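From a predicted model like this one, the values you see are computed outputs, not experimental measurements. Below, read A as the first sequence line, B as the second, and so on, with proteins coming before strands; counting in each chain starts at 1. Heavy-atom basis, side chains included; hydrogens, waters and symmetry copies ignored.
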Amino acid sequence: MADRLAPVSDALPAVPPATPGTPARLLLIDGHSMAYRAFFALPVDKFATSAGEPTNAVFGFFSMIANLLRDEQPTHVAVAFDAGRTTFRTEVYEAYKGNRNATPAPFKGQVAVIERVLETMHIPSLTKPQFEADDILATLSVQARAQGMQVLICTGDRDAFQLVNEDVTVLYPVKGVSELARMTPAAVEAKYGLPPERYPDLAALVGESSDNLPGIPGVGPKTAAKWIQQFDGLEGILAAADKVPGKAGESLRENLEQVRLNRQLNALITDLELPLGPEDLAVRPWDRAALHAILEELEFRAIRDRLFAMLPDESGTGPDIVEAAQIDHTVLGAGELGAWLEARAGRPLGIDVRGSGAPANGDAWGIALAGPDGQAASFDLAEILPPDESALAAWLADPAAPKIVHASKEAWHALVGRGLPIAGVVFDTELAAYLCQPDRRAYDLTDLAIGYLHRELGADEAASSGQGALDLELDGTDEGRRAAVRAAAVRDLADVLGGELADRGATDLLENLELPLVDVLARMERTGIAIDSDYLSGLEKSFDAQVQNAAAEAYAVIGREVNLGSPKQLQEVLFDQLGMPKTKRIKTGYTTDAAALTDLFARTQHPFLEHLLAHRDAIRLRQTVEGLLRSVATDGRIHTTFQQTIAATGRLSSVDPNLQNIPIRTEAGRQIRRAFVVGDGYETLLTADYSQIEMRIMAHLSGDEGLIEAFRSGEDLHSYVGSRVFGVPTDEVTPAMRSKIKAMSYGLAYGLSSYGLSQQLSIEVSEAAALMQDYFSRFGGVRDYLTGVVDVARQTGYTATILGRRRYLPDLTSDNRQRRDMAERMALNAPIQGSAADLIKVAMLGVDRELTRRGLGSRLLLQVHDELVLEVAPGERDEVEALVREQMGAAGDAAKDGPLDVPLDVTVGVGGSWHDAAH
DNA sequence: CCTAGTACGTA
DNA sequence: CGTACGTACTAGGT
């Protein structure tokens, strides 16, 4: 270990805006003027979303802002917009700007988008009724100057030249919006031969065509400038109008009124009352996620990166969009960790673990700890000395020593792989962020630090600058310092996210559900499930033979070999070569999915379709088997990873491999489940399913008496519902009736339409609509609930599960019908699917707790949304079954508003394989 | 090599 | 024109 070093102040290079001593820099932009310039500078047909929304003005404007932020490094920014077409100027002079053409249709709407973008960048947009943007800019520039600021005004309106002085520069577009002329006093003087304050006098004489202000015929800028010099300004000229010689003088005398009017109108107002002063316009951190989202929405894809790269936020070279991380990073001397930890006993420390979080063979090679005092320490675990390692191990394993981690399940695997088990995790910043924003797809620490702390961690700074090798010290100090910065961010994030959770009523969800579940899931992943690899290999051969056969027969029918896995080539065969009727339209032509092919086969009986479908099935099964074989670890087991922060509804997901979509519906598919077997030293596998969990939740949430009674009666649900809907006794509900009802019941939880139902059941839309009518007439509570849940979500902005897990659905108020409808279906489904997810998570905690408490050797292996798979130790079968039934059945008692109104039935099966344990 | 589109497995 | 996922493949860009 290195000698003890003095604490290093660790300022990462997000350059602070105004170094002390340099004046603040205010950038003011005339929004409408610059957007309009951008609109004409960029081809509208090259800048539009796939929906046809034009974005050329938005892009040009935003691109210009990015350049300005980069080049000018303003400390303060604001954009002013005209409030409307009528202003005090149009009242004085009706024709003011009256020559302007109607706003082009593709421009309309783009200003609103620009304002939204500015909002995400936290750049204020200012308007003032009856005044123009330039009046706002004029007022602010005068105020800012008085406060000692340097001012830049970006506008395409020449009237702003009157504002130019030693502290105020106008940036005037000369070509498009990318090239701006810097109008300083000298530049104005050079161009017009007058100081800036005389410019409006000149404009009054010459006129301003863009404002529809006529000038004096025969008087151009040269003459005007000469007069202004000669008579000491416009007042002098007007006073001496009689003495002005020549034809021009005559012309002047004929237009005195117009000149007076011009001068009155082109004077900018500098004493408006504004809600914000220059001091309120300081550059603030952006809402990076929202900015990213809006660029996504604008489909700026290819240019988005360029845009982001220009932005100071990303490059870290701009204004104080983000703060630099400030910590004291200490490299501790040998044996000092114990005391360092002791000094912070009982205080939660942030942890950063470097290593691999793989479930089967995790490993950790570095760890950093950050205390509440801004101090952090880091270790290279390959070099750590025994006294420090034992202090670290004891502290990590101590459940009473509070820890804060980002992605604690990965850390768990990494540390366990190093022989350093972790306990006492009181906060996981990834889980917390997930509960706050469940629709996000990623929760990178770097992004959370920017979003919640406005702090740049600078993780890849050394590497990306190409100087990494130079900076990196052999003892790992540089890496250690970055780790310490992350650990400090994790610790600080816990404070902010803890508050966010509390605001959302989600603290309980984190502390008593998701966080305890991490440990359960980690152990499930580490345990894995045993695989009969020999059997699986045999299955692969068998499916492979089927693939070859089906392909050969398919080729024989059409007389040539095509790639049966290519929808494009299949379309050629089906619709061109074989001339079959067209299927449902998709983006790339006509669908060749299984439903369409089956339908085509029913109509044409063409043998190619039969072989094609058989090939699809076989290739799919082979692919599944091959994937599983690849995933078998050296211990003969498959270790999936359960992702806890992916599904927006609260479900888990499973990856590497996905064990939540192993086939079960077809016989051939079920064969694959025979490969999942009980491991050595265990007696059997046990599966436990909730039956009709989502319908039970619907019954509970809706409070529908009929549906609740259906579950209490213990009768077959779909037959019970069918008998009520069709008005026949339960035992006279035919299988066809029952399956219609089943499809309908489940469809309702997904926001099914009558059209969708008709497709599903291959019946007329009218018949489907009638079926829904009958259903709702008997189960009105369900209808009321479904309409109510959307209404409430629209009001509150979110849906909630029985444990208060929220899903935010801002699109419920979208102007876009497609998005709105989608959001409505999400709102219908989220409370149901999410509550089911809550319930099985509660059940998992209960099962795991009881297994441990009773000292049983049986263990949880898998969760498949409404099913748990356990490995049962010898002699524990009956006790485990009872325990699982008990815990799963009781999960409903944890609901926020009291126990469920319906029982939770659990079906249990036992067997040597997953297949045989089914029921 | 990466992305979009298609298809399909589960609950 | 029914929710929530993950994976694998082709095709077309790079």
Side-chain angles (χ1 to χ4, degrees), chain A residues 50 301-302 438-439 441 562-571 583-597 612-613 615-617 619-628 630-631 640-643 645-666 668-670 672-673 689-695 698 743-761 765 768 772 786 799 807 809 817-818 821-834 836-837 840 862-868 914:
Chain A
S50 53
R301 286 182 201 115
D439 275 272
R441 26 190 148 22
V562 295
N563 185 344
L564 297 174
S566 163
K568 190 166 178 280
Q569 294 183 36
L570 282 180
Q571 286 180 46
T583 56
K584 192 178 68 180
R585 188 83 227 198
I586 54 174
K587 279 185 185 170
T588 53
Y590 301 92
T591 183
T592 62
D593 67 18
L597 296 182
L612 175 57
L613 284 164
H615 181 264
R616 279 258 177 89
D617 283 344
I619 211 163
R620 180 104 199 142
L621 292 162
R622 186 184 67 179
Q623 173 184 300
T624 304
V625 169
E626 285 173 346
L628 290 174
R630 274 199 303 276
S631 302
T640 187
T641 296
F642 289 107
Q643 302 194 110
T645 61
I646 295 295
T649 52
R651 274 187 176 181
L652 300 177
S653 76
S654 162
V655 293
D656 299 327
N658 181 358
L659 294 185
Q660 290 179 324
N661 72 342
I662 301 304
I664 193 171
R665 286 172 196 178
T666 65
R670 278 195 291 276
I672 297 176
R673 292 192 169 220
D689 291 35
Y690 278 123
S691 52
Q692 294 136 348
I693 183 74
E694 297 199 338
M695 285 307 294
M698 180 126 89
M744 166 118 190
S745 291
Y746 280 101
L748 288 177
Y750 300 149
L752 185 65
S753 63
S754 53
Y755 175 86
L757 185 63
S758 72
Q759 289 290 298
Q760 168 92 12
L761 298 174
V765 177
M772 289 178 85
L786 293 174
T799 61
R807 179 171 189 185
L809 296 165
R817 202 198 81 233
Q818 198 174 320
D821 287 353
M822 184 69 170
E824 285 182 5
R825 292 193 295 271
M826 290 174 177
L828 291 172
N829 179 250
I832 298 170
Q833 188 184 118
I840 197 158
L862 302 178
Q863 185 252 48
V864 192
H865 309 310
D866 65 356
E867 170 189 11
L868 297 179
W914 196 0

Could you tell me whether [X] contacts a base, only the sugar-phosphate backbone, or nothing, with contacts defined as non-hydrogen atoms closer than 4.0 Å?
| X | result |
| --- | --- |
| A:G565 | sugar-phosphate |
| A:A648 | sugar-phosphate |
| A:A594 | sugar-phosphate |
| A:T624 | nothing |
| A:T592 | sugar-phosphate |
| A:M822 | sugar-phosphate |
| A:R622 | nothing |
| A:D821 | nothing |
| A:Q759 | nothing |
| A:I619 | nothing |
| A:L828 | nothing |
| A:R807 | sugar-phosphate |
| A:I646 | sugar-phosphate |
| A:I586 | sugar-phosphate |

Could you state the [atom1]-[atom2] distance from [X] to [N], rounded to the nearest angstrom?
| X | N | atom1 | atom2 | value |
| --- | --- | --- | --- | --- |
| A:L659 | B:dA11 | CG | P | 13 Å |
| A:L868 | B:dT10 | CG | P | 19 Å |
| A:I840 | C:dA4 | CD1 | C1' | 15 Å |
| A:L612 | B:dT6 | CG | C1' | 14 Å |
| A:D689 | B:dA11 | CG | C1' | 10 Å |
| A:M698 | C:dT3 | CE | P | 15 Å |
| A:H615 | C:dT10 | NE2 | C1' | 14 Å |
| A:I832 | C:dA4 | CD1 | C1' | 13 Å |

For a quick test of reading the model: is some side-chain N or O of [X] closer than 4.0 Å to OP1 or OP2 of [N]?
| X | N | value |
| --- | --- | --- |
| A:R825 | C:dT3 | yes |
| A:T649 | C:dA4 | no |
| A:K568 | C:dG12 | yes |
| A:R665 | B:dA11 | yes |
| A:T588 | B:dG5 | no |
| A:S566 | C:dA11 | yes |
| A:Q818 | C:dC1 | no |
| A:T591 | B:dA7 | yes |
| A:Q569 | C:dA11 | yes |
| A:N563 | C:dT10 | yes |

Between the base of [N] and the side chain of [X], is there a donor and acceptor pair under 3.5 angstrom?
| X | N | value |
| --- | --- | --- |
| A:R620 | B:dC8 | yes |
| A:R616 | B:dA7 | no |
| A:N661 | B:dG9 | yes |

A:R616 versus A:T592, side-chain donor and acceptor atoms under 3.5 Å: yes
Modelled atom types, side-chain donor and acceptor of A:T591 and A:T583, under 3.5 Å: no
Cation-pi, A:Y590 ring and A:R585 (6.0 angstrom, 45 degrees):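 A:R585 over A:Y590 ring: yes.
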Opposite nucleotide pairing with C:dA8, Watson-Crick or G-U, both atom distances under 3.5 Å: B:dT6
Any side-chain heavy-atom pair of A:Q833 and A:H865 under 4.5 Å: no
5′-ward residue of the pair A:D439/A:D656 relative to DNA chain C: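 The residue mapped nearer the 5' terminus is A:D439.
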Minimum-distance nucleotide (side-chain atoms of A:A647 versus C:dA4, C:dG6, B:dA11): C:dA4
Side-chain donor or acceptor of A:T799 paired with backbone N/O of A:A830 under 3.5 Å: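 Pair absent, no side-chain N/O of A:T799 close to backbone of A:A830.
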